[in-house]
Amino acid sequence: MIGIIQKVLLDLLEETGGAPLVTDVLRRAEVPEDVTYRIDQNYSDDEFHRLLQASGEATGLSESELCVLYAKAFLTRARELFPRFFEMSSSSEEFLLRQATIHAVMASGLKTSEDRKAVTDKFSAEQVRPGFVRVSYRSANKLCELYKALAHEVASLYGEKLQISCEHCMKRGDAECRFAINWQTPRSVHSSGMAVAPV
Amino acid sequence: MSYSGSDSELQSLIASIADQLCDTVDNKFDMHVSIDSDDVQGQKLSLLVNFLLENVRRNMSQLEQLNNRLEHKVKERTELLDLVISGSDDGVWIWFFNQDRVEFSPKWHAMVGEPVTDESQDLNHWLQRVHPRDRADLQGAIKALLEGRENNLTAEYRIRHASGGYRWMLCRGACQRDENGEPTLLAGTQTDITSMRLVDQRTGLPNEHFLRERMEDVMDKGASFYLILIAFHQLDSLSESLDHSGLSTLQDDVSRRLIGTVDVRSVVAKISGNTFAVFGQVRGNDDPTQLMEAECDAIATSFSEPFRIQSYGDHVMNTAIGALESTELANTSAEEMINAAWSALRYAKKRGEICFYDQQHRDVSARRVLIEQKIRSGIRDGGIAPWFQPIFAGRTKALVGFEALARMDCPGVGTVSPAEFIPAAEQSGLMGELGECILSQSIAMAKSLTAGVLRGEPFYIGVNVSAMQLLSEGFASTVFRLLNEHQLSPEFLRLEVTESVFVGNIDIAKTELSKLRNAGIKIALDDFGTGYSSLSYLRHLPIDVLKIDRSFITDLEQQDSKAAIVETIVSLARLLELDVVAEGVETEAELTALNAISAMSIQGFYFSRALPEYELGPLIEHNLNSRRVVNLPARV
């Protein structure tokens with residue numbers, strides 16, 4: 001898992017509850033308190049999972065509430081770091097199709113040669129027809145709630161709305177999560193490719 | 001978002017990434033770039049460099065997979081193609097046009113009996129092996145392909161085998177062109193069709209193609225030879241009654257006996273369903289005529305012995321033998337030699353004996369060719385025209401009609417008898433054209449008479465129709481078209497057919513004749529009494545008139561039996577409500593005898609021979625003036 005993911009969570013905790021909340025969460029998650037997450041390195045999936053769980057315990061937020069907050073923070077940070085990825089896409093549908101590739105290539109790029117052989121891409125997305133995208137997600141972390149929150153947030157950035165239904169879910173024992181994403185309202189097309197919402 | 005470190009740290013970071021990227025010089029992209037910096041922008045750069053490297057790796061991996069799939073597919077297709085070529089037993093050739101080199105497959109080399117080599121050759125290696133008579137055709141076919149006049153190459157030719165002989169090949173090919181349409185490569189296959197082309201598939205004997213080639217080879221060497229054709233009449237009739245196995249056995253027995261009878265060096269071939277050939281080359285000082293006659297006698301003697309045929313018992317196969325000795329026809333082609341032998345065989349069939357081609361045959365053949373040419377030109381330019389023989393009522397002597405009889409009078413040959421040009425037209429397939437030519441002129445003549453000297457008088461012109469004409473598609477339509485073109489009413493036309501038209505296909509004949517009859521054209525049955533006519537048979541034919549054959553008329557008054565036959569025919573006609581015409585009446589005595597039997601129409605020299613159009617007028621006027629053409633009854 002790319003370090004930006006953990007880094008955004010710790011930054012969010014710090015903005016929300018200051019250093020004590022961060023320390024509390026790190027302790028609960030049994031992560032060293034002096035940890036520093038780099039965006040160009042890979043970290044254990046399990047570690048992030050523990051951090052997310054610890055954050056919920058420490059803040060009293062439900063998983064979905066936490067995911068919504070995290071999604072906003074993550075996308076804000078992602079747009080600061082990689083604005084070009086957002087400019088390239090003229091709609092949230094285009095972005096989510098591209099996102100699967102960016103995530104897969106970026107995560108794989110940071111793994112060592114040996115690790116890469118053992119890991120398959122977590123995400124894959126296909127456009128069934130315009131306005132209907134099917135996304136497959138395979139991860140032991142089972143962060144499907146987080147994906148859904150991120151997808152809604154992406155749509156919001158482009159001034160659009162989407163609906164996600166889970167055709168399969170690993171939490172229900174399926175081999176993978178499968179999301180059917182529909183855009184019900186006409187999507188905005190931005191010549192710049194930039195979202196209408198402010199960063 | 002800017003870089004937060006110092007310039008030297010920035011330089012160090014860039015240098016670190018750049019140094020690591022140097023490893024890609026060997027196409028080594030399986031690497032991970034890392035930097036020792038806490039700066040986020042530096043980490044972002046590192047992240048995206050790894051992102052880029054991963055994309056390169058993924059694309060390379062995809063290309064490799066694609067390449068593997070393509071290689072696999074190529075291998076699979078190559079194996080499949082090899083299998084197809086191997087299964088087809090064909091040789092393969094590829095001509096690299098710009099290098100002027102041709103590559104041949106091992107099978108191609110094997111087909112011409114030469115050792116297999118991987119070395120390419122120039123095109124002459126191929127062309128020089130092709131038989132000189134066929135080389136131009138192959139070159140022409142290649143040229144047509146190169147020039148784009150043909151999309152594919154297809155050529156048949158003989159190619160020299162290393163053992164000395166020639167084998168027949170079928171060559172197929174196609175051309176590959178560059179972006180300017182210029183040929184770059186020609187490729188194709190070569191199939192050995194020797195057996196298919198030169199062997200009679202039923203008996204396994206050489207066929208007429210083989211015979212012709214063998215003759216050409218011998219003629220090229222200037223050597224003498226003889227050719228004997230043997231026709232077994234019964235093979236045709238037996239082929240309809242024997243089953244396949246019985247017929248094959250009989251054909252094998254005939255072949256075996258023929259091979260066992262003739263000189264061991266002679267070639268025995270089968271050239272049609274019931275005709276075999278024996279080809280013998282004359283060697284040294286042998287007398288060709290003596291050899292040929294000895295072979296013919298041996299064959300005739302051998303086949304006078306019966307064959308044992310399944311369910312028929314012992315059966316003697318009647319033979320007709322026509323033979324030709326090559327010195328009889330100097331400076332001619334193999335094709336003409338074979339035609340001459342066929343001519344001799346035709347004579348043999350007529351005479352029932354061995355017939356040798358000689359000067360008389362040559363003259364007859366030459367005359368036949370000339371007559372055929374004249375028929376063609378005569379149909380075009382009026383050299384063939386109908387003459388009209390008048391027909392009278394026997395008792396009143398009133399003119400009732402005419403029979404149109406084809407006459408040929410062409411520059412260079414003069415007047416030609418119908419007995420000569422009608423068979424020639426039949427054999428050369430010109431009867432249809434000839435018949436229509438006579439029919440058209442006769443209808444024109446009838447129209448002319450209705451508007452002229454016979455205005456208001458009932459009469460007809462009878463026109464002979466051959467079986468070939470009647471059974472050809474749309475005969476009735478042709479008659480109606482001609483009547484329409486000349487604006488002639490159908491009652492002025494009478495069509496005369498012989499019983500032979502009902503032998504071939506009675507249903508078609510009856511259908512066509514009924515169409516004509518329903519339109520008001522009367523149908524006459526010509527030469528009646530010479531065929532197999534019977535009362536029950538006649539009842540079902542769509543006819544109106546019986547024309548009694550001249551053989552029953554000649555000397556009628558002297559032969560009671562003939563008179564009895566004519567009386568019977570007349571009774572029969574009366575019973576069936578048919579008119580009667582007596583043909584070939586030449587004497588007053590014959591006329592008197594006929595008139596005593598019954599009223600009927602009379603045709604013959606006693607009244608008039610056939611006349612050209614320009615002589616009809618005076619005869620008709622004389623008849624009218626004699627008031628012999630008066631109120632013709634519907635039936636005479």
Side-chain angles (χ1 to χ4, degrees), chain A residues 1-12 14 34-43 73-88 97-125 198-199, chain B residues 1-69 72:
Chain A
M1 190 172 279
I2 311 169
I4 187 175
I5 295 167
Q6 290 87 339
K7 186 168 172 53
V8 167
L9 179 60
L10 294 189
D11 290 348
L12 178 62
E14 187 162 9
D34 60 347
V35 68
T36 304
Y37 291 104
R38 295 169 58 98
I39 68 167
D40 63 346
Q41 278 188 15
N42 241 331
Y43 297 89
F74 180 82
L75 284 173
T76 302
R77 183 66 176 143
R79 284 183 59 194
E80 287 171 356
L81 277 171
F82 307 105
R84 185 66 198 132
F85 286 146
F86 291 84
E87 291 165 5
M88 288 163 72
L97 282 168
R98 192 169 273 135
Q99 175 272 335
T101 307
I102 293 170
H103 182 278
V105 177
M106 207 171 262
S108 184
L110 292 181
K111 289 192 172 77
T112 62
S113 167
E114 282 304 308
D115 289 346
R116 275 199 302 274
K117 288 174 190 165
V119 177
T120 52
D121 293 344
K122 283 180 185 168
F123 285 100
S124 67
V199 176
Chain B
M1 196 175 288
S2 60
Y3 180 71
S4 58
S6 66
D7 284 353
S8 62
E9 282 174 348
L10 177 62
Q11 285 176 2
S12 166
L13 188 143
I14 292 171
S16 168
I17 291 175
D19 289 345
Q20 292 175 73
L21 286 177
C22 287
D23 285 357
T24 60
V25 71
D26 292 332
N27 282 333
K28 182 187 168 192
F29 298 98
D30 191 10
M31 57 188 292
H32 177 246
V33 171
S34 59
I35 54 162
D36 182 19
S37 169
D38 292 334
D39 186 83
V40 172
Q41 290 304 317
Q43 291 174 18
K44 176 181 166 183
L45 182 59
S46 165
L47 175 72
L48 288 175
V49 167
N50 283 307
F51 181 90
L52 180 67
L53 287 169
E54 176 67 7
N55 253 335
V56 171
R57 284 193 294 270
R58 286 183 178 226
N59 282 324
M60 285 178 67
S61 170
Q62 281 174 4
L63 281 174
E64 195 179 333
Q65 283 173 19
L66 191 65
N67 195 39
N68 288 341
R69 275 206 299 274
H72 179 71

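Chain A is the first sequence line, chain B the second, and so forth, proteins listed ahead of strands; every chain is numbered from 1.
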Exercise. To the nearest 0.5 Å, how far apart are CG in B:Asp39 and CD1 in A:Ile39?
Worked result: 9.0 Å

Exercise. In terms of heavy-atom pairs under 4.5 Å, which option from A:Met106, A:Lys7, A:Arg38 contacts chain B the most?
Worked result: A:Arg38

Exercise. Does any heavy atom of chain B fall under 4.5 Å from the side chain of A:Ile2, the backbone, both, or neither of them?
Worked result: side chain

Problem set entry | B:Ser16 side chain to B:Gln20 side chain, donor-acceptor N/O pair below 3.5 angstrom | yes

For this session: Examine A:Arg79 relative to A:Phe86 and say whether NZ or CZ is less than 6.0 Å from the centre of the six-membered ring and inside a 45° cone about the ring axis.
Result: yes

Problem set entry | Heavy-atom proximity to chain A below 4.5 Å, by part of B:Ile35 | both

For this session: Would you check if A:Leu9 and A:Ile5 make a side-chain contact, meaning some heavy-atom pair closer than 4.5 Å?
Result: no

